[in-house]
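Counting starts at 1 for both ligands and their atoms, in listed order.
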Amino acid sequence: MKKTHAFAGLVLSTALLGAGLANAFAADETLRSLADKNGIYIGAILNSQWFSGGLPGNYEQIHKQQFNIVVAENEMKFDATEPQEGRFNYNNGDKMVKYAKQNGMRVRGHALAWHSQVPGWVNNYKNDKKKLLAVLKNHIEKVVSHWKGQVAEWDVVNEAISNNEPQWRTGSVWYQGIGPEFIDSAFVWTHAVDPDAELCYNDYNLEQGINPKAKAGFLLEQVKRWVANGIPIHCVGSQTHVEDTTTDKHFIGSPDSLRSLAKELAKLNVKLKITELDIGFKSGINVSQRDLQRQGQTFRQYLDIILEEPNADTYLIWGVSDKWSWLGGLNRQKGLIYDDNLKPKPAFDSILVRLQTYEPPKDTAKKDTVVQDSSKKDSTKKDTTDAIKPFIAPSSLSLHVAGRTLFVTGFTSKTAKVDIFDMQGRPVFSTENNKGVFDLTTIAEGLYVVRVQSGFSNLTQKVSIK
Ligand code: G3I
């Protein structure tokens, strides 16, 4: 069933915005509810520590409140699911599928044919092409059929392209033992077992341009070939593990380049998904509040692709909190949208506000199925500068703008904190005082989203500054 955007008007409602509050209350508007309305999937991995019960309760609370799609960090990989030849272990994957079902989430499967996290026994057959083909085929058939109808999409082939030059990665056990035909075969075998699953090719550095010398350029040629030859490929997953542009002087990727890839894929009727997003800073540097705000803008720019390109539907972050992130191994830090204490970072706000303010072109259909949570009411509203609907406990907060002054009344806590975002979710103003009067002369004319927080009260409202 196609879902058209129900988010036609500008939806602005109070949300569980800002540090701490997203954890404290049942969400009224969350990333998840706004993603549902916008017809996209937004998600984060379940970190490996979750599977052994090693994470605090609010991790899971946040995860199910904020996200409508989930993927396992390691638990559906080859070494986890077939640690010994022919002996399959689905326990952790089943645990995640059950969690997803209980919480109405879509499940991504990651990953079937990959050079990494391959158990040692596979290498015993590295010189036996026939046997290796049989091993990969059997693995795919068993795993995909086990979760048939429950895993909606698979990374069928992961990271099969070389980093340095536009060609296949030749060092993998699959490539060395079988040759490039393992790639096409993996798609065909997966499709034969679960014809309803979406099948993706997934890789990193795809945001570095689509010229023939870049990874995405090489991939595009392969996608054209697959499509022309009837190989069942439905999506390209861009991992999008990127570094903050100011700390990586050699950084050559950009949201614009990834958008170009999405547009090229659209011509082939293939989707683009962002599957493993993180935007880290170099390890060891001091990261300022300003840096975190700039990071939020980059998160927002990548989100724009998913919101705006008709063939893009998924925005998946490789982790929830900076505390449990693989990025340290890459000499990067603080790449996620919650901090070490599971408090939302500026990037969370940028994403949330962008989801709130996004206005889709009329009559656009986004994706085939959207996780619908019928318990949530539709808060779609006409564009309005009225105050946003109340939420949580009744709050006496109110705000109005007269000329270039913002007045906040009704705050019961000592101070009122004001954050102002432009309509793309970029923070433009942030301050706190106990008077409730805020000078806005530094802000340019235009429409903005103002958020006021005081104690446990929140108010978010669109204002026009003239
Ligand atoms: O399985 C052992 C476990 O038995 C042992 O107790 C534990 C102690 O350190 O190590 C465990 O293995 C680790 C595994 O994660 C599970 O936690 C490996 O050492 C570790 O290397 C592995 O790292 C994972 C990495 O993939 C491996 O390539 C990361 O958690 C995971 O986030 C990362 O994810 C990949 C995507 O699959 C593909 N794209 C890149 C992305 C980041 O590298």
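- H234 meets the ring-ring contact (aromatic ring centres under 6.0 Å, His included) test with no other residue; sequence neighbours excluded.
- Distance check on atom 10 (O) of ligand 1: every protein heavy atom falls at or beyond the 4.0 Å cut-off.
- In this structure, atom 26 (O) of ligand 1 has a protein heavy-atom contact shorter than 4.0 Å.
- Below 4.0 Å from some heavy atom of Q117 lie the following atoms of ligand 1, by number and element: 25 (C), 26 (O), 27 (C), 28 (O).
- Taking distance alone, with nitrogen or oxygen atoms compared against 3.5 Å, K77 approaches ligand 1 more closely than that limit.
- When only interatomic distances are considered, the shortest N/O to N/O separation between W326 and ligand 1 does not fall below 3.5 Å.
- Short contacts between ligand 1 and S116, defined as distances under 4.0 Å to a heavy atom of the residue, involve ligand atoms 28 (O).
- Here the two rings, on F348 and Y338, have centers that are under 6.0 Å apart.
- Atom 40 (C) of ligand 1 lies below 4.0 Å from at least one non-hydrogen atom of the protein.
- Salt bridge absent: E82 and K77 never bring a charged side-chain N and a carboxylate O closer than 4.0 Å.
- Of the N or O atoms in Q239, one or more lie within a sub-3.5 Å distance of an N or O in ligand 1.
- In terms of protein heavy-atom proximity, atom 30 (O) of ligand 1 is nearest to N74 ND2, 3.0 Å.
- Counting the atoms of ligand 1 from 1 in the order shown, those under 4.0 Å from a heavy atom of E159 are 38 (C), 39 (N), 40 (C).
- The presence of a protein heavy atom under 4.0 Å from atom 7 (C) of ligand 1 is ruled out.
- Aromatic ring centres of H63 and Y99: separated by under 6.0 Å.
- Between K213 and E165, none of the side-chain N atoms (NZ, or NE/NH1/NH2) sits under 4.0 Å from a carboxylate O, so this pair counts as no salt bridge.
- With a 6.0 Å cutoff to the six-membered ring centre and a 45° limit on the axis angle, K95 counts as a cation-pi contact of W50.
- Screening W226, F182, Y201 for a ring-ring contact (aromatic ring centres under 6.0 Å, His included) with F187, the sole residue that qualifies is W226.
- Of the protein's heavy atoms, none falls inside 4.0 Å of atom 18 (C) of ligand 1.
- Checking atom 15 (O) of ligand 1 against the protein gives a heavy-atom contact under 4.0 Å.
- At the shortest separation from atom 36 (C) of ligand 1 among protein heavy atoms lies H110 NE2, 3.4 Å.
- Proximity of the aromatic rings of F78 and H139 is defined here by a centroid distance below 6.0 angstrom, and this criterion is met.
- Side-chain rings of H146 and Y90 approach one another, their centers coming within less than 6.0 Å.
- Counting only heavy atoms, the protein never gets under 4.0 Å from atom 2 (C) of ligand 1.
- In this structure, atom 21 (O) of ligand 1 has its sub-4.0 angstrom surroundings free of protein heavy atoms.
- Remark: ligand 1 atoms within the under-4.0 Å shell around heavy atoms of E276 are 36 (C), 38 (C), 39 (N), 40 (C), 41 (C).
- Contact annotation: for W318 versus ligand 1, heavy atoms closer than 4.0 Å belong to the side chain alone.
- In terms of protein heavy-atom proximity, atom 32 (O) of ligand 1 is nearest to E73 OE2, 2.6 Å.
- Of all non-hydrogen atoms in W324 and P56, the two that sit nearest each other are CH2-CD, 3.6 Å.
- Figure legend: cation-pi geometry between K131 and Y125, with NZ or CZ positioned under 6.0 Å from the six-membered ring centre and within 45° of its axis.
- Residues K345 and D322 are paired through a salt bridge, judged by an N-O separation under 4.0 Å between the basic side chain and the carboxylate.
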